[in-house]
J.: 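Quick one: structure below, then a few questions.
Order of the sequence lines sets the chain letters (A, B, ...), proteins ahead of strands, with each chain counted from 1.
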Amino acid sequence: MSADLFSIFIIAIFIENFVLNQILGICPFVGVSNRVDSAVGMGLAVTFVMVLAGVVTWSIQNLFLAPFHLEYLQTLSFILVIASLVQFVEMVIRKTVPSLYQALGVYLPLITTNCAVLGVALLNVRKGYGLVESAVNSLGGGLGFFFALLLMAGIRERLEVAEVPVAMRGAPITFITAGLLAIAFYGFAGLA
Amino acid sequence: MNTKELTKGIWAENPIFVIMLGCCPALAVSTSLANAFGMGIAATFVLLGSNLIISLIRASVPDKIRIPVYIVVIATFVTMIDKFMAAFTPALSASLGIFIPLIVVNCIILGRAEAFANKNTPQDSILDAIGMGLGFTIALAMIAVFREVLGDGKFFGIPVPLIKDDPCLLMIMAPGGFFVFGLLMAWKKHLAAGGAK
């Protein structure tokens with residue numbers, strides 16, 4: 001059982017990395033990866049919200065939607081729950097840990113439209129995970145996103161001083177770099 | 001008829017290449033032309049529905065709760081197209097997977113609701129939705145042409161001579177999507193800059 005959880009965790013971080021393998025959460029990946037410190041803030045915020053959202057949406061699916069045969073409300077209820085969860089987390093953090101709010105504040109509202117968060121919620125349901133498995137998969141997914149974002153930010157700080165052709169500057173070179181990173185991540189497939 | 005609202009989304013303000021909204025589905029489902037058109041039609045339908053409804057109700061929605069209201073409207077249309085595709089085109093629905101429900105967080109839809117339908121008449125909003133939807137579909141198809149031909153050796157499911165025996169598999173995997181998208185975006189930028197050498 002614990003070995004299963006461990007493999008879910010490792011697969012979620014490295015092999016089925018949300019950004020580089022599943023292609024989810026590209027907007028923040030490109031938007032916030034220009035500096036390492038903002039990448040850390042965004043990565044932490046996303047990981048935190050993903051775990052919470054994974055647990056809460058699992059509960060909604062299995063305690064509410066499935067027993068009452070309301071599965072068709074899945075998309076609607078998940079997105080509303082994630083949106084209000086993000087708002088709630090923002091308020092709690094602002095009240096209780098002002099220093100953390102300072103660091104994460106600006107990234108929190110952006111997370112609502114991060115498709116990795118809704119994506120992990122939907123994938124947990126589609127893969128038929130239980131509560132603990134969902135939480136572990138969400139944590140792994142969040143950390144994988146964090147890891148990819150951090151790698152990208154480190155590379156982009158170097159790219160700023162590199163001589164890039166004019167048309168390739170900015171987003172295009174970021175995508176090419178992401179492609180190379182994605183190839184590198186296929187090397188982890190052997191871990192499975 | 002204000003044709004400018006219709007045509008701007010197709011090229012000048014193309015949602016994918018210029019405004020860079022909705023990159024995730026553009027990269028994830030552009031592995032074949034059939035997927036690209038399926039996704040394009042689904043997103044256009046949602047865009048059309050949400051733009052129309054939002055431009056009709058914008059006067060009676062208080063400003064403070066407009067985003068949650070928009071999200072409910074959008075999610076309703078997404079659920080409709082999701083169920084519709086699962087019933088009528090099960091194969092397409094299976095290959096697009098979670099990217100159908102994920103249209104709900106596609107920034108194009110909420111972006112147009114907030115930036116356009118919120119301020120314009122239903123008529124203009126419909127044109128805007130059709131234009132943006134077409135632009136999205138065209139961008140997806142452009143990426144998909146390269147990926148399907150090079151990565152799968154097929155064009156709309158029809159085998160292409162020479163390539164079909166030994167396609168470059170990488171192109172239909174995630175890295176191929178990143179490469180094609182990056183290069184196409186650079187090309188669009190190059191053209192926008194007047195094609196200066």
J.: With a 4.5 Å cut-off on side-chain heavy-atom distances among I, L, V, M, F, W and Y, is there a chain of contacts connecting B:Val29 to B:Phe84?
T.: no

J.: Please report the closest heavy-atom contact between B:Ala174 and A:Leu20, naming both atoms and the distance.
T.: CB-O, 3.2 Å

J.: Check whether more than 12 heavy atoms from other residues, nucleotides or ligands sit under 6.0 Å from atom CD of A:Glu157, and answer yes or no.
T.: yes

J.: Applying the 4.5 Å side-chain criterion to the ILVMFWY set and letting contacts propagate, would B:Met80 and B:Ile109 be lumped into a single cluster?
T.: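 Looking at the clustering, B:Ile109 is in the same group as B:Met80.
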
J.: Kindly compute the distance separating CD1 (A:Ile23) from OG1 (B:Thr31), expressed to the nearest 0.5 Å.
T.: 9.0 Å

J.: Which bit of A:Leu180 comes within less than 4.5 Å of chain B, counting heavy atoms only: side chain, backbone, both or neither?
T.: both

J.: Of all the heavy-atom pairs spanning A:Gly119 and B:Leu102, show the shortest one and how long it is.
T.: N-CD2, 3.8 Å

J.: Could you tell me which portion of A:Val117 (side chain, backbone, both or neither) has an atom closer than 4.5 angstrom to a non-hydrogen atom of chain B?
T.: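 Neither part, no heavy atoms under 4.5 Å.
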
J.: What distance separates B:Met173 CE from A:Asn21 CG, expressed to the nearest 0.5 Å?
T.: 8.0 Å

J.: Is it the case that atom CZ in B:Phe146 sees more than 12 heavy atoms from other parts of the structure closer than 6.0 Å?
T.: no

J.: Report, by ascending residue number, the residues of residues 70-78 of chain A in heavy-atom contact with chain B at a distance under 4.5 Å; give 'none' if the set is empty.
T.: A:Tyr72, A:Thr75, A:Leu76

J.: Is A:Val36 linked to A:Leu44 within one hydrophobic cluster, defined over Ile, Leu, Val, Met, Phe, Trp and Tyr using a side-chain heavy-atom separation of less than 4.5 Å?
T.: yes

J.: Measure the acute angle between the ring planes of A:Phe29 and B:Phe178, then classify it against the limits of 30° and 60° as parallel, tilted or perpendicular.
T.: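 Taking B:Phe178 first and then A:Phe29, their aromatic rings sit tilted (interplane angle of 30° to 60°).
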
J.: Given a cutoff of under 4.5 Å between side-chain heavy atoms of I, L, V, M, F, W and Y, with clusters grown through shared members, what are the other residues clustered with A:Phe88?
T.: A:Val92

J.: To check you understand the geometry: which heavy-atom pair defines the closest contact between A:Pro172 and B:Gly182, and what is its length?
T.: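 Closest pair (atom of A:Pro172, atom of B:Gly182, distance): CB-O, 3.4 Å.
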
J.: Might you work through the side chain to side chain contact (heavy atoms under 4.5 Å, CB included) test for A:Leu122 and B:Phe99, ending with a clear yes or no?
T.: CA-CA 10 Å; A:Leu122 292 168; B:Phe99 284 94; over 6 Å; no

J.: Which answer fits A:Ile176, side chain, backbone, both or neither, if we ask what part of it has an atom under 4.5 Å from a heavy atom of chain B?
T.: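 For A:Ile176, the contact with chain B is made by backbone and side chain together.
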
J.: Checking heavy atoms, do the side chain of B:Ile74, its backbone, both or neither come under 4.5 Å from chain A?
T.: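 Interface part for B:Ile74: neither.
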
J.: Please find the pair of heavy atoms, one from B:Leu27 and one from A:Phe175, that lie closest to each other, and give the distance.
T.: CD1-CE2, 3.7 Å

J.: I need the A:Leu118 CG to B:Ile103 CD1 distance, nearest 0.5 Å.
T.: 11.5 Å

J.: Give the minimum heavy-atom separation between B:Val105 and A:Cys115, together with the two atoms involved.
T.: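 Taking every non-hydrogen atom into account, CG2-CB, 3.5 Å.
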
J.: Among the options A:Met168, A:Arg169, A:Arg126, A:Gln22, pick out the one with the most heavy-atom pairs lying under 4.5 Å from chain B.
T.: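 Sorted descending by pairs with chain B, the first entry is A:Arg126.
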
J.: Given that the side chain runs from C-beta out, which part of B:Val72 has a heavy atom under 4.5 Å from chain A: side chain, backbone, both or neither?
T.: both

J.: Using the rule that two of Ile, Leu, Val, Met, Phe, Trp, Tyr join whenever any of their side-chain heavy atoms come within less than 4.5 Å, decide whether B:Leu170 and B:Ile172 are in one cluster.
T.: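 Unlinked, B:Leu170 and B:Ile172 end up in two clusters.
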
J.: Using 0.5 Å steps for rounding, measure from the CD1 atom of A:Ile173 to the CG atom of B:Leu183.
T.: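 Reported to 0.5 Å precision, the distance equals 9.0 Å.
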
J.: Could you state whether A:Tyr186 and A:Val19 fall into the same hydrophobic cluster, counting links through intermediate Ile, Leu, Val, Met, Phe, Trp or Tyr residues with side-chain heavy atoms under 4.5 angstrom apart?
T.: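 The answer is no; the residues belong to distinct hydrophobic clusters.
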
J.: Can you name the closest pair of heavy atoms from A:Ala167 and B:Lys189 and give their distance?
T.: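 Minimum heavy-atom contact is O-CD, 3.6 Å.
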
J.: Which region of B:Leu184, side chain (C-beta onward) or backbone (N, CA, C, O), has a non-hydrogen atom less than 4.5 Å from a non-hydrogen atom of chain A, or is it both or neither?
T.: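 Neither; nothing under 4.5 Å.
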
J.: Using a 4.5 angstrom heavy-atom cutoff, name the option from B:Ala186, B:Ala75, B:Ala26 with the most pairs to chain A.
T.: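 It is B:Ala186.
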
